[in-house]
Amino acid sequence: MGRWRRGGGGRGSVGGRGRRGGRWWRGALAVLVAGAVAVPLAGAARPQVPAPGPAVLAAPSAATLGSAYAANRANALEAARMAAEYGDRRRAGVERVLSGRQLLHFDGRGTGRVTEVLGDLARAGRVAVLVPGSDTGLDTYGRFRAAALALHARLADETPDGTRTAVVAWLGYETPGTLGTAVATTDRAEEAAPGLRALVRDVRAVAGPRARVSLLCHSYGSVVCAEAADGLDVDDIALLGSPGTGADTAAGLRTRARVWAARGADDWVENVPHLSVGLLGTTVGFGTDPVSPAFGARVFAAGAGGHSDYFAPGSVSLANLTRIVLGDTRAVTS
């Protein structure tokens, strides 16, 4: 069965439930990983909406940013045409709208990949990169973008004169489904990490080495950020509604960045057991609760919100995330 690791502290850990509770969770997670290993993913055989391959682009820089946007807009428009011809009007509508936006990357194949920039990335001194959690693809991109828009608007209100900001909404990996087995393992995060590292390099190439870059990682996206964190050139990593990272401590992420964590009072993630087990080449569960003292992150207030409310306009969590992105860390409330 592999070696079990109990999460360090936190209300979701097994310690207070005794041996019977521990055996229950071990059994439940064992069944889950068995399903993940033995059962093909639901929908894997479903027909894919046709789309062109990604545009071939020059190396990213401030000078090539405009041409990248133009090439990706054209690619999204062609994907919309192909989806409409195929008969998927919903996908075609999403891609048609995307064809009018600032796209750093776009790939309409499968569940889709898109990296959208809000603001002037080439001249931004503060950049926030948003990393989504489960159930996010082109068909549900609107709700992820809404979070990016809310942060972008708050930054516009709070940014000091003379400072420019940009928000990058990175849907750069195949997110797991909330009701699927993949959401309980690190597999998708391990696959996604190289893409996130490449995105940060692209952001640095465009915005320059002096820009302050923050990763804001929601739910399963926090597992992705943790996998990519080692040596990543970012200033802050914020874990929002995180089920765990796969690391025992913030120091275990091996990052120079400040590591933050928050969980809303009504977030169901609090009830996720903070355990992990290795079995048949994969890992189920994500270990230590990131908002527990044992993890060692800088825990900040997220208010009374639920799992999808961290970027809600007017919320405590959005106010604190804005302060983190701007570097006003002393004003972050705990």
Study note, to complete from the structure: The reported gap from OG1 in Thr159 to CG in Asp328 (rounded to nearest 0.5 angstrom) is 11.0 Å
Check your understanding: Any donor-acceptor pair under 3.5 Å linking the side chain of Asn75 with the backbone of Gly53?
Key -> yes
Exercise for review: Taking side chain to side chain contact (heavy atoms under 4.5 Å, CB included) as the test, write out the residues that go with Thr255, two or more places apart.
Suggested key: Ala229, Ile237, Leu253, Ala257, Val259
Review point. Transitively linked via ILVMFWY side-chain contacts under 4.5 Å: Val224 with Val183?
Key: yes
Check your understanding: Taking side chain as C-beta onward, heavy atoms only, is Asn320 less than 4.5 Å from Trp260?
Key -> no
Review point. How would you list all residue pairs meeting ring pair (Phe, Tyr, Trp, His ring centres under 6.0 Å) that involve residues 94-139, not counting sequence neighbours?
Key: none
Check your understanding: Which atoms form the tightest heavy-atom contact between Arg263 and Val269, and what is the distance?
Key -> CD-C, 4.4 Å
Check your understanding: Any side-chain heavy-atom pair from Arg143 and Asp135 closer than 4.5 angstrom?
Key -> yes
Review point. Just by modelled atom types, is the Tyr310 backbone N or O under 3.5 Å from a matching donor or acceptor in the Ser317 side chain?
Key: yes
Check your understanding: Is there a side-chain contact between Leu151 and Leu118, using heavy atoms and a 4.5 Å cut-off?
Key -> no
Point to revise | Basic-acidic side-chain contact under 4.0 Å: Arg96, Asp88 | key: no
Review point. Please walk me through it: do Asp266 and Asp309 pass side-chain contact (heavy atoms from CB on, under 4.5 Å)?
Key: CA-CA 9 Å; Asp266 198 33; Asp309 298 332; over 6 Å; no
Review point. With distance as the sole test, does Tyr86 use its side chain to make a donor-acceptor pair with the main-chain N or O of Ala92 at under 3.5 Å?
Key: no
Point to revise | side-chain contact (heavy atoms from CB on, under 4.5 Å) assessment of Val114 paired with Leu103 | key: CA-CA 7 Å; Val114 60; Leu103 306 182; 3.8 Å; yes
Check your understanding: Do we see a donor-acceptor contact under 3.5 Å between the side chains of Thr175 and Thr136?
Key -> no
Review point. Tell me, do Phe311 and Leu216 make a side-chain contact under 4.5 Å, heavy atoms counted?
Key: yes
Review point. Would a hydrophobic clustering, with Ile, Leu, Val, Met, Phe, Trp and Tyr connected at side-chain separations under 4.5 Å, put Val131 with Leu199?
Key: yes
Review point. What distance do Thr163 atom OG1 and Glu158 atom CD have between them, rounded to the nearest 0.5 Å?
Key: 13.0 Å
**Study point:** Arg323 versus Thr333, closest heavy-atom pair with distance
**Key:** NH1-CG2, 4.0 Å
Exercise for review: Group every Ile, Leu, Val, Met, Phe, Trp and Tyr by side-chain heavy-atom contacts under 4.5 Å, then state whether Val127 and Leu155 land in the same group.
Suggested key: no
Point to revise | Nearest-0.5 Å distance that lies between atom CD in Glu116 and atom CG in Leu130 | key: 11.5 Å
Review point. By side chain to side chain contact (heavy atoms under 4.5 Å, CB included), which residues pair with Glu191, not counting sequence neighbours?
Key: Arg188
Review point. By ring pair (Phe, Tyr, Trp, His ring centres under 6.0 Å), which residues pair with Trp170, not counting sequence neighbours?
Key: Tyr173
Check your understanding: Between Ala261 and Pro290, which heavy-atom pair has the shortest distance, and what is it?
Key -> CB-O, 3.4 Å
Review point. Does the pair Glu174 and Arg113 meet the rule for a side-chain contact (heavy atoms from CB on, under 4.5 Å), with working shown?
Key: CA-CA 8 Å; Glu174 184 177 357; Arg113 309 282 191 277; 3.6 Å; yes
Distance-only donor-acceptor hits, side chain of residues 293-303, under 3.5 Å, sequence neighbours excluded:
none

Check your understanding: Between atom CG of Asp236 and atom CZ of Arg258, what is the distance when rounded to the nearest 0.5 Å?
Key -> 4.5 Å
Exercise for review: Tell me, with the steps shown, if Val325 and Thr165 meet side-chain contact (heavy atoms from CB on, under 4.5 Å).
Suggested key: CA-CA 9 Å; Val325 173; Thr165 63; 5.7 Å; no
**Study point:** Beyond-backbone contact of Pro132 with Leu171, side-chain heavy atoms, under 4.5 angstrom
**Key:** yes
Practice item. Find out if a path of hydrophobic residues (ILVMFWY) with successive side-chain heavy-atom gaps under 4.5 Å connects Tyr220 to Val129. Key: yes
**Study point:** Contact check, side chains of Leu215 and Leu196, non-hydrogen atoms, under 4.5 Å
**Key:** yes
Revision key, fill the gap. Correct closest heavy-atom pair for Gly177 and Ser134 would be C-CB, 4.2 Å
Practice item. Taking Arg123 for its side chain and Arg164 for its backbone only, find out whether a donor-acceptor pair lies under 3.5 Å. Key: no
Check your understanding: Hey, quick one: are Leu318 and Leu149 part of the same hydrophobic cluster, counting side-chain heavy atoms closer than 4.5 Å, chains of contacts allowed?
Key -> yes
Practice item. Measure the OH-CZ distance between Tyr141 and Arg91 for me, rounded to the nearest 0.5 Å. Key: 13.5 Å
Point to revise | Closest approach of Ser219 to Pro243 (non-hydrogen atoms, all atoms of both residues) | key: O-CD, 3.5 Å
Exercise for review: Answer yes or no: is there a side-chain heavy-atom contact under 4.5 Å between Asp233 and Val203?
Suggested key: no
Output side-chain donor-acceptor pairs under 3.5 Å for residues 58-66, partner residues at least two apart or in another chain, one line each.
{"unit_1": "Ser61", "atom_1": "OG", "unit_2": "Ala63", "atom_2": "N", "d": "3.3"}
{"unit_1": "Ser61", "atom_1": "OG", "unit_2": "Thr64", "atom_2": "N", "d": "3.3"}
{"unit_1": "Ser61", "atom_1": "OG", "unit_2": "Thr64", "atom_2": "OG1", "d": "3.3"}
{"unit_1": "Thr64", "atom_1": "OG1", "unit_2": "Ala59", "atom_2": "O", "d": "3.0"}
{"unit_1": "Thr64", "atom_1": "OG1", "unit_2": "Ser61", "atom_2": "N", "d": "2.9"}
{"unit_1": "Thr64", "atom_1": "OG1", "unit_2": "Ser61", "atom_2": "O", "d": "3.3"}

Review point. Is the backbone of His307 close enough, under 3.5 Å, to the side chain of His218 for a donor and an acceptor to pair up by distance?
Key: yes
Check your understanding: Do Glu85 and Met82 come within less than 4.5 Å of each other through their side chains, counting heavy atoms only?
Key -> no
Point to revise | Pairwise distance CG(Leu98) to CZ(Arg73) - rounded to 0.5 angstrom | key: 12.0 Å
Exercise for review: Please report the shortest heavy-atom distance between Thr245 and Leu239, naming the atom on each side.
Suggested key: CG2-CD1, 3.7 Å
Review point. Does a sphere of radius 6.0 Å around CZ in Arg256 hold more than 12 heavy atoms from other residues, nucleotides or ligands, not counting ones at 6.0 Å or beyond?
Key: yes
